[in-house]
Each structure stands twice: as C-alpha cells, then as structure tokens.
Amino acid sequence: MLENYGEVLKPEDVCEILLIGRNTLYKLLRSKALVGYRDGRNWKITKEAVINYLNSKSRGV
C-alpha cells in the first residue's frame with residue numbers, strides 16, 4: 001500500500017494516502033492523533049506514523 005512512498009512523507013502524500021484534506025490532516029497533527037514533526041515551516045510525517053495511525057483506527061482506539 002505504501003511501497004510507492006519514501007520513509008518520510010510530505011503532507012500532500014499523507015492526504016492522498018488517508019483520503020483526507022489538508023485541514024483534517026493538520027487537526028490530526030495538532031491533536032497528536034497522527035505524529036509528525038516540523039522541519040522549519042514544513043511538516044514531515046514518517047511512514048511508520050501513518051501505519052500506526054491506521055492501526056489505531058482499525059482497533060477503534
């Protein structure tokens with residue numbers, strides 16, 4: 001599923017993967033439901049963080 005992406009994702013990539021908009025993505029990042037970090041003005045999200053988020057949603061956490 002994520003093999004076409006690198007280990008560190010841009011917000012656009014995460015939106016595409018999760019089928020969500022940018023505003024929703026930033027809400028998830030601010031609430032720490034999805035873990036990311038800022039590199040200057042740019043958000044970076046690891047592939048592992050996206051997988052963890054998807055796993056937590058499938059478990060109903």
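Quick caveat, the model's predicted, so the values are computed rather than measured. Heavy atoms only: backbone and side chains are in, while hydrogens, waters and symmetry mates are out.
Under a hydrophobic-cluster definition in which Ile, Leu, Val, Met, Phe, Trp and Tyr are linked whenever side-chain heavy atoms come within less than 4.5 Å, directly or via other members, V35 and V50 are assigned to different clusters. By the criterion of side-chain heavy atoms lying less than 4.5 angstrom apart, applied directly or through intervening Ile, Leu, Val, Met, Phe, Trp or Tyr residues, L9 is grouped together with Y26 in one hydrophobic cluster.
Between the T24 side chain and the I20 main chain, no donor and acceptor come within less than 3.5 Å of each other.
For Y37, the side-chain hydrogen bond (donor to acceptor under 3.5 Å, both in side chains) test picks out no residue, with sequence neighbours left out.
In this structure, I17 CD1 and E12 CD are separated by 11.0 Å, a value rounded to the nearest 0.5 Å. One finds the OG1 atom of T46 at 8.5 Å from the CD1 atom of I51 (value rounded to the nearest 0.5 Å). Note: E16 CD to Y5 OH = 3.5 Å, rounded to the nearest 0.5 Å.
Applying side chain to side chain contact (heavy atoms under 4.5 Å, CB included) to I45 and the options L28, V8, L29 leaves one that passes, L29.
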Practice task
Decide yes or no on side-chain contact (heavy atoms from CB on, under 4.5 Å) for L34 and V14, but give the supporting numbers first.
Solution key: CA-CA 10 Å; L34 177 61; V14 178; 3.9 Å; yes
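Contacts classified as salt bridge (charged side-chain N to carboxylate O under 4.0 Å, His left out) and involving residues 28-48 (residues at least two apart or in different chains) are given here: E7-K47.
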